[in-house]
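Below: the structure, in structure tokens.
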Amino acid sequence: MAAANYLISEDQFLCSICLDVFTDPVSTPCGHNFCKNCITEHWNTSNRCFCPICKEGFTTRPDLRVNTFISEMVAQFRQSAQQKVSKPGEVPSDVCTGTKLKREYEGKKGKTKAEIHQMIHKRRLKIQEIKHSVDLSEEDADRQIAEGVQVFNSLKESVERGLNELISTIKEKQKTTEKQAEAFIKELEQEISELMKRSTEVEQLSRSEDHLHLLQSVQSLNIQQPPPTKDWTEVSVCPSLYEGTVVKAVVQLQETLSKEMKKLLESELKRVQQYAVDVTLDPDTAQSFLILSDDGKQVNLGDVRKNLPDNPERFSKSASVLGKHSFSSGRFYFEVQVKGKTKWDLGVARESINRKGIINLSPQYGYWTIWLRNRNEYKALAVHPVLLSLKSPPQKVGVFVDYEEGLVSFYDVDAAALIYSFTGCSFTEKLFPFFSPCNNNDGKNSAPLIISPVRVN
């Protein structure tokens, strides 16, 4: 009977630190038992005293005394184990069982330790990853600041140069007007002087009583004719016109700003192209009239409905298809050739979109897209659609998504121009690239949408 009790509870005689039968068993205030040397060494190597089993902490190291009851039970257990040896070299069954339990305990402990070490290793790697991301972000921030300072200094210099040229031009015009006026005034003053001189001579002659002298003077001075003067009737000084001067200066500044903007957009496009991903079309989502290329890179609308299973992922009426792979974090970018098409839809969509019946391309329904209609009518399909004014029709459109930032941007790749950006988006689901080649329009829109490899210049 006693042996049966030992078999049932023999694991209670194993120290959880050394995994062997207790030697000088002691009890902690929380009620757990350990070998005296085991718990003492454990606390000597630890910053604080706590129970290795229940983790209860102790403000002061407990005064450990040998638990006589446990010690006697261990002694009886050992004695019983020795009495069960029936043959020389034979190991009692309860000892075998204890050894087996010990080995199982050691195995479980080793497995648990390996799992914990693996978890620690993964978290340390995650810390390194986060720190690396912060370092990259800091480098990018410094690069952006340096680029911004350079651009704004350049613009500042252009503004100052334009202002100085504007002031110089206006002052030069005013100086020319002043010189012309001074010349006219000088000439008029000379004529006035001659006229005043003639007036004085006439006045003096009129006072003379010598009629013979008067007659001779009149004849010599030709007093009846005034001195030669200019006809000033049509002469005037027009104020300079400066209206066009300011406009011209602003236009020049605008041209400079456009050049800087183009440089910035080229630089921005190169940056987002670094996040290029390999996108392929998912045939399980393709509407049954769509024709997908074998490599999953091209799609156009066919004339015959294919007999395909109407699975939940498939678009039923809209000539649309999704990319095969989804994205739920980070940044991604892909490019699509739209050359030769008169209609298309392009962008990203969340996983839970409605794919049956008529769909509504709007962020409130899970779509962030732009489209082309009537060859040259471009719209960003925001909650309130935005008509886009593009300098030239894009032949290749780049799509960039920053999941955490809530940003979806579209680029004219060849012109390195930003077409439109959805900002402040809130993404909570997986996002899929979205494509629609639209109907063929009697063959005028039969060209396919082509997912193109991204080439960074």
Side-chain angles (χ1 to χ4, degrees), residues 272-328 330-357 359 361 366-373 375 393-401 408 410-414 429-457:
V272 300
Q273 284 176 329
Q274 303 298 323
Y275 299 97
V277 294
D278 184 17
V279 174
T280 54
L281 303 171
D282 185 358
D284 291 336
T285 66
Q287 194 247 15
S288 55
F289 276 97
L290 292 180
I291 301 174
L292 275 59
S293 62
D294 293 338
D295 62 359
K297 298 294 185 180
Q298 301 186 28
V299 58
N300 64 307
L301 191 70
D303 299 324
V304 180
R305 178 188 291 271
K306 295 190 289 292
N307 185 18
L308 298 173
D310 186 21
N311 50 288
E313 296 82 13
R314 193 179 307 283
F315 289 92
S316 62
K317 288 190 176 181
S318 173
S320 304
V321 61
L322 298 179
K324 185 174 292 186
H325 301 291
S326 64
F327 303 89
S328 56
R331 301 163 181 165
F332 64 95
Y333 173 85
F334 60 95
E335 294 178 353
V336 182
Q337 180 179 305
V338 296
K339 183 179 180 180
K341 297 192 66 63
T342 60
K343 297 173 65 177
W344 49 260
D345 307 332
L346 192 59
V348 294
R350 68 186 179 208
E351 187 176 27
S352 64
I353 52 171
N354 173 38
R355 310 182 191 197
K356 307 302 179 183
I359 63 176
L361 298 181
Y367 294 89
W368 291 266
T369 59
I370 62 173
W371 78 9
L372 166 66
R373 295 292 185 271
R375 290 187 178 275
Q395 303 299 299
K396 188 183 293 183
V397 176
V399 183
F400 172 68
V401 176
V408 182
F410 298 85
Y411 295 87
D412 181 338
V413 176
D414 297 324
E429 299 179 26
K430 295 177 181 179
L431 294 180
F432 291 85
F434 171 82
F435 311 84
S436 176
C438 298
N439 59 48
N440 285 337
N441 195 17
D442 296 328
K444 297 177 183 177
N445 190 42
S446 59
L449 289 176
I450 303 174
I451 301 172
S452 304
V454 177
R455 295 183 175 86
V456 182
N457 297 327

Would you compute the distance between atom NZ of K339 and atom NZ of K396 and round it to the nearest 0.5 angstrom?
10.0 Å

For F410 versus L346, what's the shortest heavy-atom pair and its separation?
CE2-O, 3.5 Å

Quick one: OG1 on T342 to CG on D442, what's the gap to the nearest 0.5 Å?
10.0 Å

Could you check whether any side-chain N or O of S436 sits under 3.5 Å from a backbone N or O of A319, counting only pairs where one atom can act as donor and the other as acceptor?
yes

Measuring from I359:CD1 to F315:CZ, what's the distance to the nearest 0.5 Å?
5.0 Å

Can you give me the closest heavy-atom contact between P312 and K356, atom names plus distance?
O-CE, 3.8 Å

Got a sec: does the NZ of K317 have more than 12 other heavy atoms crowding it under 6.0 Å?
no

Residues passing the side-chain hydrogen bond (donor to acceptor under 3.5 Å, both in side chains) test with N439, sequence neighbours excluded, are none

Counting C-beta onward and ignoring hydrogens, is there a side-chain heavy-atom pair between D345 and Y367 closer than 4.5 Å?
no

Counting C-beta onward and ignoring hydrogens, is there a side-chain heavy-atom pair between V399 and P433 closer than 4.5 Å?
no

Chi angles and distances behind the side-chain contact (heavy atoms from CB on, under 4.5 Å) call for V401, W368
CA-CA 10 Å; V401 176; W368 291 266; over 6 Å; no

Report yes if the side chains of R375 and K444 come closer than 4.5 Å at any heavy-atom pair, otherwise no.
yes

Taking all non-hydrogen atoms of both residues, which atom of P283 and which atom of R314 are closest, and how far apart?
O-NH1, 2.9 Å

Could you tell me which residues satisfy side-chain hydrogen bond (donor to acceptor under 3.5 Å, both in side chains) with S320, sequence neighbours excluded, listed by chain and number?
S318

Residues which pass side-chain hydrogen bond (donor to acceptor under 3.5 Å, both in side chains) with E429, listed by chain and number, not counting sequence neighbours
S352

Below 4.5 Å, heavy atoms only, C-beta onward: do F327 and V277 meet side chain to side chain?
yes

With distance as the sole test, does N311 use its side chain to make a donor-acceptor pair with the main-chain N or O of D284 at under 3.5 Å?
yes

Listed partners of F435 passing ring pair (Phe, Tyr, Trp, His ring centres under 6.0 Å), at least two apart:
F334

Does a side-chain heavy-atom distance below 4.5 Å link L322 with E313?
no

For S293, side-chain hydrogen bond (donor to acceptor under 3.5 Å, both in side chains) partners two or more places apart:
D295

Give every residue pair that meets the side-chain hydrogen bond (donor to acceptor under 3.5 Å, both in side chains) criterion with at least one member in residues 297-309, sequence neighbours excluded.
D278-K297, S288-R305

Rounded to the nearest 0.5 Å, how far apart are CD of E351 and CG of L431?
10.0 Å

Check: K341 side chain, A447 main-chain N or O, donor-acceptor pair, under 3.5 Å
yes

Is the ring pair Y333/F400 parallel, tilted or perpendicular, if the boundaries are 30 and 60 degrees?
tilted

Side-chain touch Q273/E335, heavy atoms, less than 4.5 angstrom:
yes

Rounded to the nearest 0.5 Å, what separates atom CD in Q287 from atom CG in L301?
6.5 Å

Give me the atom names and distance for the closest heavy-atom approach of P437 to V299.
CB-O, 3.8 Å

For the CZ atom of F432 and the CD1 atom of I353, what is their distance to the nearest 0.5 Å?
8.5 Å

